[in-house]
Peer 1: 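One structure, pasted below without further comment.
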2 protein chains.
Amino acid sequence: MECIQEIISCAQIHFFAKEEMIVQEGQSPEKIFYIQQGSARAFYLKDGRDITDWFAFEKEFIVPISNFFLDQPSLHYIQSQEESLILSLSKADVKRLAENYREFDRLEKEVITRTMLSLQRRIVSMQFENARQKYENLLAERPDITQRIPLTHIASYLGITLETLSRIRKPGK
Amino acid sequence: MECIQEIISCAQIHFFAKEEMIVQEGQSPEKIFYIQQGSARAFYLKDGRDITDWFAFEKEFIVPISNFFLDQPSLHYIQSQEESLILSLSKADVKRLAENYREFDRLEKEVITRTMLSLQRRIVSMQFENARQKYENLLAERPDITQRIPLTHIASYLGITLETLSRIRKPGK
DNA sequence: AAGCTCATTTGATGTATGTCAAATTCACTT
DNA sequence: AAGTGAATTTGACATACATCAAATGAGCTT
């Protein structure tokens, strides 16, 4: 891709320790993050409870969605889950790159499309499946998730409680 | 927009009666539909039960998602809900227009982005809200939906049963 | 207006999952 | 290796919602 040089020149790379906060609620970083190594999650607070919305692992993106796409202060926190190497690109740079390089613009569209499809699959999974089925769907997509993310966050991502998840995981039905 | 003439020349317009089937499961229309007037819904069958996934009203798009974006036969049915005027554009035309007109490409990206954001909001609503809250969220977005769509479909869209929805709607808490 | 069909409501009961509290296990630190 | 705090499991109980069945109501057709 012809614009790689330019991407590299405006991307920033950061190292994050385990469970370090990358974006706080109310901030406006206007950045998209790319997980080079490690993992991160986006979460929000509902009545004081921490609810995970999104996980990102190697080669995936994560973004404070309302801030990046709607120019509002972030409703989400973003937090690393393991020691991670993360690239960031500002919204202004993304915009400029997309205007100057057709290739980059296509890539961005592709990433957004895939994200949309993955949200769509998640809705189907949440709409009428029970806790066990939802958990098994997640495991099918990410078999290693239980080794990398604490169960509390997996539970809230699935829309169930920690206790229910624990019982589901119990061997023997 | 400079490409309007060309869009018009390749778009097709159809009239659909109430509850007419626009796309059947297993078909590969590879088309995106734009609701000029009326409304439509996308649904799938889970264990024989009809589950609505998506509603579209005037000036909105609806698409057999797995077919259009993933080139698989459609997992969804799409059905008009009222007498409707609906434009369709083939995937090939969309692709060509996006390649030839930067403006059209931007528009497409914008539509996909908005769809992604709306799915995201829906997940938040399904993740930890109870039946009443989910229903009220929907009403806030689409106050007229109960006049236009039967309650069964609203219920399945919300991931609750028809009976629960009916009880929620009962006046006096 | 009567009759039919389909949509919605109401009622009785069952169940998956939530809540709260306590016990246990795990992972670090010293 | 022991000690400490956090993560996970287990238990007892509560509840929102599902299910099944029947009653009512609304919109067409004749």
Side-chain angles (χ1 to χ4, degrees), chain A residues 17-21 38-39 41 43 45-52 55 79-83 123-139 144-173, chain B residues 17-21 39 41 43 45-52 55 77 79-83 123-139 144-173:
Chain A
K18 203 178 167 180
E19 313 208 329
E20 205 175 326
M21 224 47 103
S39 57
R41 71 182 180 110
F43 68 99
L45 298 181
K46 178 178 168 69
D47 311 325
R49 310 173 109 258
D50 167 327
I51 299 183
T52 296
F55 291 117
Q79 185 194 37
S80 69
Q81 291 301 104
E82 302 168 301
E83 299 199 340
I123 285 175
V124 168
S125 172
M126 300 195 85
Q127 214 171 358
F128 271 104
E129 309 216 306
N130 64 25
R132 163 163 285 120
Q133 289 166 159
K134 288 189 276 188
Y135 176 61
E136 280 166 4
N137 287 162
L138 178 61
L139 278 191
D144 61 343
I145 197 167
T146 55
Q147 276 79 63
R148 304 179 64 180
I149 307 282
L151 294 184
T152 342
H153 301 146
I154 295 177
S156 76
Y157 178 79
L158 295 175
I160 65 181
T161 61
L162 172 61
E163 294 93 328
T164 295
L165 178 57
S166 169
R167 287 186 248 260
I168 281 166
R169 285 163 46 81
K170 248 302 242 340
K173 207 173 179 239
Chain B
K18 202 177 170 183
E19 314 208 329
E20 205 174 328
M21 224 47 100
S39 56
R41 71 181 179 111
F43 68 100
L45 298 181
K46 179 180 168 68
D47 311 326
R49 309 174 109 258
D50 168 328
I51 299 182
T52 296
F55 292 117
Y77 295 79
Q79 185 193 38
S80 69
Q81 291 302 104
E82 303 169 301
E83 299 200 340
I123 284 175
V124 167
S125 172
M126 300 194 86
Q127 215 171 358
F128 271 104
E129 311 216 303
N130 64 25
R132 162 163 284 120
Q133 288 167 157
K134 287 190 276 188
Y135 177 62
E136 281 166 3
N137 288 161
L138 178 61
L139 278 191
D144 61 344
I145 196 165
T146 56
Q147 278 76 62
R148 304 179 65 181
I149 306 282
L151 294 184
T152 340
H153 301 146
I154 297 177
S156 75
Y157 179 79
L158 295 175
I160 65 180
T161 61
L162 172 62
E163 294 93 328
T164 297
L165 178 57
S166 169
R167 286 185 249 261
I168 282 167
R169 284 163 49 82
K170 223 7 207 324
K173 211 180 179 228

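Keep in mind that this is a model prediction, so the values were computed, not measured. Naming: A, B, ... by sequence-line order, numbering from 1 per chain.
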Peer 1: Output yes when at least one side-chain N/O atom of B/Ser166 is less than 4.0 Å from OP1 or OP2 of C/dT8, else no.
Peer 2: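 B/Ser166 to C/dT8 OP1/OP2: no side-chain N or O under 4.0 Å.
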
Peer 1: Could you check how far CG of A/Asp47 sits from P of C/dG18, rounded to whole Å?
Peer 2: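 Answer to the nearest Å: 15 Å.
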
Peer 1: In chain order, what residues pass the side chain to side chain donor-acceptor pair (under 3.5 Å) check against B/Glu129, with sequence neighbours excluded?
Peer 2: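 B/Glu129 satisfies side chain to side chain donor-acceptor pair (under 3.5 Å) with A/Lys46 only.
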
Peer 1: For the pair made of CG in B/Leu151 and P in C/dT8, what is the distance, rounded to whole Å?
Peer 2: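 Going from B/Leu151 (CG) to C/dT8 (P), I get 4 Å.
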
Peer 1: Does any donor atom in the side chain of A/Ser39 or A/Glu82 lie under 3.5 Å from an acceptor atom in the other side chain?
Peer 2: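 Judged by distance alone, the side chains do pair up.
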
Peer 1: Does any donor-acceptor pair link the side chain of A/Arg167 with the base of C/dT19 at a separation under 3.5 Å?
Peer 2: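 Side chain to base: pair present.
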
Peer 1: Mind checking the OG1-CG spacing from B/Thr146 to B/Asp144? Nearest 0.5 Å is all I need.
Peer 2: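 Those atoms lie 7.5 Å apart.
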
Peer 1: Would you say A/Lys170 places a side-chain N or O within less than 4.0 Å of OP1 or OP2 belonging to D/dT9?
Peer 2: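 It does not, given that no N or O in the side chain of A/Lys170 lies less than 4.0 Å from OP1 or OP2 of D/dT9.
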
Peer 1: What is the distance, to the nearest angstrom, from the CD atom on B/Gln133 to the P atom on D/dC17?
Peer 2: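 So the CD-P distance, B/Gln133 to D/dC17, works out to 9 Å.
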
Peer 1: Once you measure the plane-to-plane angle for A/Tyr157 and A/Phe55, does it fall in the parallel (<30°), tilted (30-60°) or perpendicular (>60°) bin?
Peer 2: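 Ring orientation, 0 to 90° scale: tilted.
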
Peer 1: Measure from the side-chain heavy atoms of B/Ile160 and tell me the nearest of D/dT9, D/dA18, C/dT19.
Peer 2: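 The answer is D/dA18.
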
Peer 1: What's the closest nucleotide to the side chain of A/Arg169 if the choices are C/dT17, D/dT9, D/dC17?
Peer 2: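 Minimum distance to the A/Arg169 side chain belongs to D/dT9.
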
Peer 1: Roughly how many Å is it from CD in A/Glu82 to C1' in C/dA27, rounded to a whole number?
Peer 2: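 A/Glu82 atom CD is separated from C/dA27 atom C1' by 16 Å.
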
Peer 1: Measuring from the side chain of A/Ala131 (C-beta onward, heavy atoms only), which nucleotide among C/dT17, D/dT8, C/dT19 has the closest atom?
Peer 2: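 Nearest to the side-chain atoms of A/Ala131, counting from C-beta on, is C/dT17.
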
Peer 1: Figure out the CG/C1' separation between A/Leu158 and C/dA16, and round it to whole Å.
Peer 2: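 Result: 15 Å.
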
Peer 1: Take A/Leu165 and A/Arg169, measure what side-chain contact (heavy atoms from CB on, under 4.5 Å) needs, and give me the verdict at the end.
Peer 2: CA-CA 6 Å; A/Leu165 178 57; A/Arg169 285 163 46 81; 3.9 Å; yes

Peer 1: May I ask you to verify if any side-chain N or O of A/Thr161 is less than 4.0 angstrom from the OP1 or OP2 atom of C/dG18?
Peer 2: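 Affirmative; the distance criterion is met.
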
Peer 1: With a 4.0 Å cutoff (strictly under), does any side-chain N or O of A/Thr164 reach OP1 or OP2 of C/dG18?
Peer 2: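 So the side chain of A/Thr164 is within the cut-off, an N or O lying under 4.0 Å from OP1 or OP2 of C/dG18.
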
Peer 1: Round to the nearest Å and state the distance from A/Ile168 atom CD1 to D/dT8 atom P.
Peer 2: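 About 15 Å, once rounded to whole Å.
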
Peer 1: Of A/Glu163 and A/Lys134, whose closest DNA chain C nucleotide lies nearer the 5' terminus?
Peer 2: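 Here A/Lys134 is the residue nearer the 5' end.
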
Peer 1: Starting at atom CG of A/Leu165, determine the distance to atom P of D/dT8, rounded to an integer number of angstrom.
Peer 2: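 Atom CG in A/Leu165 sits about 9 Å away from atom P in D/dT8.
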
Peer 1: Find the distance B/Gln147:CD to C/dA7:P and express it as a whole number of Å.
Peer 2: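 Roughly 17 Å, once rounded to whole Å.
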
Peer 1: Taking the nucleotide of DNA chain D with the closest heavy atom to each, which residue, B/Lys18 or B/Glu129, is nearer the 5' end?
Peer 2: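 This one resolves to B/Glu129.
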
